[in-house]
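Please read the structure below before turning to the comments.
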Number of protein chains: 2
Amino acid sequence: MVVESARARTLSHVEPAEVPLQVALDALADPVRRSILRDLATHDEWTRACGTFDLPVKKATASHHFAVLRSAGLIEQRDEGARRLNRLRRPEFDKSFPGLLAATVDRED
Amino acid sequence: MVVESARARTLSHVEPAEVPLQVALDALADPVRRSILRDLATHDEWTRACGTFDLPVKKATASHHFAVLRSAGLIEQRDEGARRLNRLRRPEFDKSFPGLLAATVDRED
DNA sequence: CATGGTGTTCGATCCTTGTCGTACAGTATG
DNA sequence: CATACTGTACGACAAGGATCGAACACCATG
């Protein structure tokens with residue numbers, strides 16, 4: 001029988017449908033967070049652990065940004081051993097906020 | 001010969017095409033500013049003076065928000081006597097940021 | 001010209017939040 | 001078990017920005 005680890009059980013996710021527009025915009029307004037989302041958008045799902053992103057901040061700050069993205073319904077996280085893998089919740093988020101990801105992460109600047 | 005007033009001459013506008021995504025998102029992330037944009041989106045152009053908006057802030061703060069919207073290429077302003085009329089730059093802004101206004105101001109929350 | 005209305009500017013304040021160091025928990029590997 | 005690696009939690013700090021009051025400029029109207 002497969003049992004979730006205690007660590008994974010503390011991982012609370014928020015459904016994009018429950019996210020207020022204000023929360024979504026606050027999450028998307030940060031350049032470091034958009035950089036994370038762009039990275040996820042251009043790679044296969046569940047292939048990027050938190051530590052594999054090339055970010056201009058220390059790991060404590062990066063951890064904070066991942067938490068913000070999760071509570072805004074933008075990413076899903078899953079533990080795999082010592083690493084925490086990420087996935088962009090593109091279809092779910094697009095359903096709640098049509099065009100918002102396209103207008104923000106599908107861009108150069 | 002018609003000459004612009006000194007007051008109107010100080011009104012500097014920014015083209016949406018010159019606006020970085022970061023500036024646009026910062027402007028759209030504030031609820032008071034979105035409320036202004038929604039108001040403009042649902043009325044005829046050049047019919048709303050700054051003082052005619054029902055905002056939960058004092059006029060000094062409102063003036064600040066209009067300045068932010070102008071420098072983000074989201075609104076255009078024109079002086080008409082003592083009043084300053086506003087217009088949502090929908091087509092120009094949509095061209096530079098397709099879907100962004102639709103995802104933010106065309107919404108309930 | 002005096003008064004009232006519209007809107008901006010300036011300085012001050014307050015609050016949010018992005019940032020980091022450190023400590024800690026969980027996992028893998030020797 | 002000892003060590004190294006991955007990521008989070010917590011407290012502290014600093015910067016940015018939203019807010020306001022007061023003073024000011026401009027316009028309209030009597």
Side-chain angles (χ1 to χ4, degrees), chain A residues 2-13 20 22-37 46-72 75-87, chain B residues 2-13 20 22-37 39-40 46-72 75-87:
Chain A
V2 176
V3 178
E4 292 174 334
S5 75
R7 179 151 168 258
R9 203 177 305 129
T10 66
L11 244 179
S12 71
H13 283 92
Q22 185 64 62
V23 174
L25 284 180
D26 286 339
L28 290 169
D30 185 275
V32 175
R33 290 195 283 267
R34 283 201 306 283
S35 147
I36 293 174
L37 297 177
W46 302 123
T47 61
R48 312 281 296 157
C50 294
T52 66
F53 293 78
D54 187 27
L55 302 176
V57 294
K58 300 300 175 188
K59 65 174 183 174
T61 304
S63 182
H64 160 68
H65 285 306
F66 282 104
V68 171
L69 289 174
R70 213 175 55 223
S71 64
I75 65 170
E76 188 180 351
Q77 296 187 304
R78 171 164 56 99
D79 286 339
E80 185 129 325
R83 304 194 309 167
R84 182 160 284 186
L85 301 181
N86 300 276
R87 171 192 161 255
Chain B
V2 175
V3 179
E4 292 173 334
S5 75
R7 180 154 168 254
R9 204 175 308 131
T10 67
L11 244 177
S12 70
H13 283 92
Q22 185 64 61
V23 173
L25 284 179
D26 286 339
L28 289 169
D30 184 276
V32 175
R33 289 195 282 267
R34 283 202 305 283
S35 147
I36 293 174
L37 296 177
D39 195 318
L40 290 175
W46 302 122
T47 62
R48 314 279 298 158
C50 294
T52 66
F53 293 78
D54 188 26
L55 302 176
V57 293
K58 301 301 176 187
K59 66 174 183 173
T61 305
S63 183
H64 161 68
H65 286 306
F66 281 104
V68 171
L69 290 174
R70 212 175 56 223
S71 64
I75 65 170
E76 188 181 353
Q77 297 187 302
R78 170 164 56 100
D79 286 339
E80 184 129 328
R83 305 193 310 168
R84 182 161 285 186
L85 301 181
N86 299 275
R87 171 192 160 255

Check every atom of [options] against the side chain of [X] and return the nucleotide holding the closest atom.
X	options	result
B:His64	D:dT8, D:dT19, D:dA9	D:dT19
B:His65	D:dA18, D:dT8, C:dT19	D:dA18
B:Thr61	D:dG7, D:dT19, C:dG21	D:dT19
A:Arg84	C:dG7, C:dG21, D:dT8	D:dT8
B:Val57	D:dG7, D:dT19, C:dT6	D:dT19
A:Ala60	C:dT6, D:dG7, D:dA9	D:dA9
A:Ala82	D:dT19, C:dG7, C:dT27	C:dT27
B:Ser63	D:dG7, C:dC20, C:dT9	C:dT9

Could you state the [atom1]-[atom2] distance from [X] to [N], rounded to the nearest angstrom?
X	N	atom1	atom2	value
B:Phe53	C:dT6	CZ	P	14 Å
A:Asp79	C:dA25	CG	C1'	12 Å
A:Arg70	D:dT8	CZ	C1'	10 Å
B:Asp26	C:dG18	CG	P	11 Å
B:Arg83	C:dG7	CZ	P	7 Å
B:Glu80	D:dC26	CD	P	19 Å
A:Gln22	C:dT16	CD	C1'	12 Å
A:Lys58	D:dG11	NZ	P	23 Å

5' priority, DNA chain D, between B:Pro56 and A:Ala67 [closest heavy atom] =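 Between the two, 5'-proximity favours A:Ala67.
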Quick one: are B:Lys59 and B:Cys50 in side-chain contact, heavy atoms under 4.5 Å?
->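 No; the side chains remain at least 4.5 Å from each other.
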Do A:Leu25 and B:Arg34 have side-chain heavy atoms sitting under 4.5 Å apart?
->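 Side-chain contact under 4.5 Å: yes.
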Quick one: closest heavy-atom pair of A:Asn86 and A:Ala49, and the distance?
->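 For A:Asn86 versus A:Ala49, the nearest heavy atoms are ND2-C, 3.8 Å.
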Take B:Arg70 and B:Leu11 through the side-chain contact (heavy atoms from CB on, under 4.5 Å) test and state the conclusion after the steps.
-> CA-CA 9 Å; B:Arg70 212 175 56 223; B:Leu11 244 177; 3.3 Å; yes
How would you label the contact of B:Asp30 with the nucleic acid (heavy atoms, under 4.0 Å): base, sugar-phosphate, or nothing?
->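 Here B:Asp30 touches the backbone only, sparing every base.
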Assign each of A:Lys59 and B:Ala49 to its nearest nucleotide of DNA chain C by heavy atoms, then name whichever residue's nucleotide is nearer the 5' end.
->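 Its nearest nucleotide being more 5', the pick is B:Ala49.
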Please confirm whether the backbone N or O of B:Leu28 pairs with a side-chain atom of B:Arg33, one donor and one acceptor, at under 3.5 Å?
->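 Not a single qualifying donor-acceptor pair exists.
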